[in-house]
Number of protein chains: 2
Amino acid sequence: MEVIRNYFNQFLPLSDEEWKAFEQCLSKERIHKKEFLLKEGQVGDFIAFVAEGSMRFYVLREGEEKVIAFFFAGSFVSNYRSFLTNLPSDYYIEVLQDALIYRIRKNELVALYDQFPKIERLGRLIAENLYLMVAKRLDSFLYKTPKERYEELLAQNSRLPEEVPQYMIASYLGVKPETLSRIRARRD
Amino acid sequence: MEVIRNYFNQFLPLSDEEWKAFEQCLSKERIHKKEFLLKEGQVGDFIAFVAEGSMRFYVLREGEEKVIAFFFAGSFVSNYRSFLTNLPSDYYIEVLQDALIYRIRKNELVALYDQFPKIERLGRLIAENLYLMVAKRLDSFLYKTPKERYEELLAQNSRLPEEVPQYMIASYLGVKPETLSRIRARRD
DNA sequence: CTGATTTATTGACTTTCGTCAATGCACCCC
DNA sequence: GGGGTGCATTGACGAAAGTCAATAAATCAG
């Protein structure tokens, strides 16, 4: 779990005592491809660190899957909205490649917040970071063309096309698979 | 400033001592229509509570103003990205109707975080809330048509058309003024 | 290996939004 | 009150994405 502690160090290093308390709340789990970490209607009362594998976040609208996000090894995955509000999830979290995760439940995390102010600060820093990520994604919809969004995405994660099918990338970009195919074809 | 304390009570009530410390950091300011609370290039190292008036948040892209958000009395306004990262703002915050604000600077707020864990928790809750707002707006771009976004916006704030010109609403919705005009015209 | 399924590409056509331009209206300021 | 400016609407046209359908390529299962 050293990866997780390293991840935290980016934000705020925890003392050994704080880390130990946190670590004890983590549950190690393996989930296979095509299984779901969360389904629509369930309350996503957890945050999970992805140690191996990948996942996608999507919603079903009028029979169509709309991809909201991808998650890869080295980041946290959660339906943060459902986590915060305790409302049932609108989203599915589906495992794309066999995954190893470390999961912490909300009730345990809030107990840690009460006990360790520094863990609460970490929670604030992570919430702020998530805010920045979503705000950036919103920006790309507000002033970029699908082509620019595609190039931006590749610049961030150049091996994405090998890892996820193109129709999911199209959905993530907010266009139809045919359109992404044409965007890739026309070089300009 | 009782309004602000009431606003906080939605999230987490502060003790008299905590509130007093917070209140002392607030600076009361009046800003007139067409003035700017923040301009591109400046670091938005503050959060301000809007007690009266309204504002808009916009960015200049290729000579065009793109409206990101509107702010009205009873909410906080800030370039939260610039606030968090200390990077210069890409955005302008322009006063649409003469405003009265209460402003707190970042350095004072982080000092309060160190002193009062409950104020830090408030910071976390507010960051989480901002996350939910941006995530919701992203959703509306991901799976809604301009017409649906317009109706959703009106449902949330029915007196918006009287308060801000239609071309700003169009920009906020991500369409041209002509398109919004046509969306309104066609009843279906 | 082979047939079946899924995914990607391409074409023809439709729909939606953008662009450019003209017009009309309201508001504001002297 | 008249002139000016800014804003909303409308029309004609163009550009871009969606839809539907056919086909090709890749992947998977037995």
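Residue numbers start from 1 in every chain, and the chains themselves are labelled A, B, ... in the order their sequence lines are given, proteins ahead of strands.
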| If you draw the axis of the six-membered ring of Tyr172(B), does the NZ or CZ of Arg137(B) fall within 45° of it and under 6.0 Å from the ring centre? |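 Relative to the ring axis of Tyr172(B), which defines the angle, Arg137(B) lies inside both limits.
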| query | Knowing that exactly one of Lys39(A), Arg56(A), Lys33(A) qualifies, which makes a side chain to side chain donor-acceptor pair (under 3.5 Å) with Glu94(A)? | reply |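 Option passing the side chain to side chain donor-acceptor pair (under 3.5 Å) with Glu94(A): Arg56(A).
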| query | Are Tyr143(A) and Leu173(B) grouped together when hydrophobic residues (ILVMFWY) are joined by side-chain heavy atoms under 4.5 angstrom apart? | reply |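 No: no chain of side-chain contacts under 4.5 Å links Tyr143(A) to Leu173(B).
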| Cluster link Leu109(B) to Leu12(B), ILVMFWY, side chain under 4.5 Å |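 Linked within one cluster.
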| Pair Arg121(A) + Asp114(B): basic N to acidic O under 4.0 Å |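 Judged by the 4.0 Å cut-off on N to carboxylate O distance, Arg121(A) and Asp114(B) do form a salt bridge.
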| request: For the pair Arg124(B) and Glu120(B), evaluate salt bridge (charged side-chain N to carboxylate O under 4.0 Å, His left out) and give the outcome as yes or no after the intermediate values. | output: CA-CA 6 Å; Arg124(B) 174 174 64 82; Glu120(B) 171 137 27; over 6 Å; no
Review item, nucleotides 15-21 of chain D N/O atoms under 3.5 Å of protein N/O:
| from | atom 1 | to | atom 2 | distance (Å) |
| --- | --- | --- | --- | --- |
| dG18(D) | OP2 | Lys176(A) | N | 3.2 |
| dG18(D) | OP2 | Thr179(A) | OG1 | 2.5 |
| dT19(D) | O4 | Arg182(A) | NH1 | 3.2 |
| dC20(D) | N4 | Glu178(A) | OE2 | 3.3 |

| task | Kindly indicate, with the supporting measurements, whether the criterion salt bridge (charged side-chain N to carboxylate O under 4.0 Å, His left out) is fulfilled by Lys176(B) and Glu64(B). | result | CA-CA 11 Å; Lys176(B) 299 288 155 187; Glu64(B) 207 180 351; 2.2 Å; yes
| query | Taking 5' to 3' order, which nucleotide of DNA chain C is first and which is last to have an atom within less than 4.0 Å of a heavy atom in chain B? | reply |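 Listed 5' to 3', the contact boundaries are dC17(C) to dC20(C).
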| field | Gln166(A) CD - dT27(D) P separation (whole Å) | value |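 Value for this atom pair: 13 Å.
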| message | With a 6.0 Å cut-off on the ring centroids, do Phe22(A) and Phe8(A) count as close? | response |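 Centroid separation for Phe22(A) and Phe8(A): below 6.0 Å.
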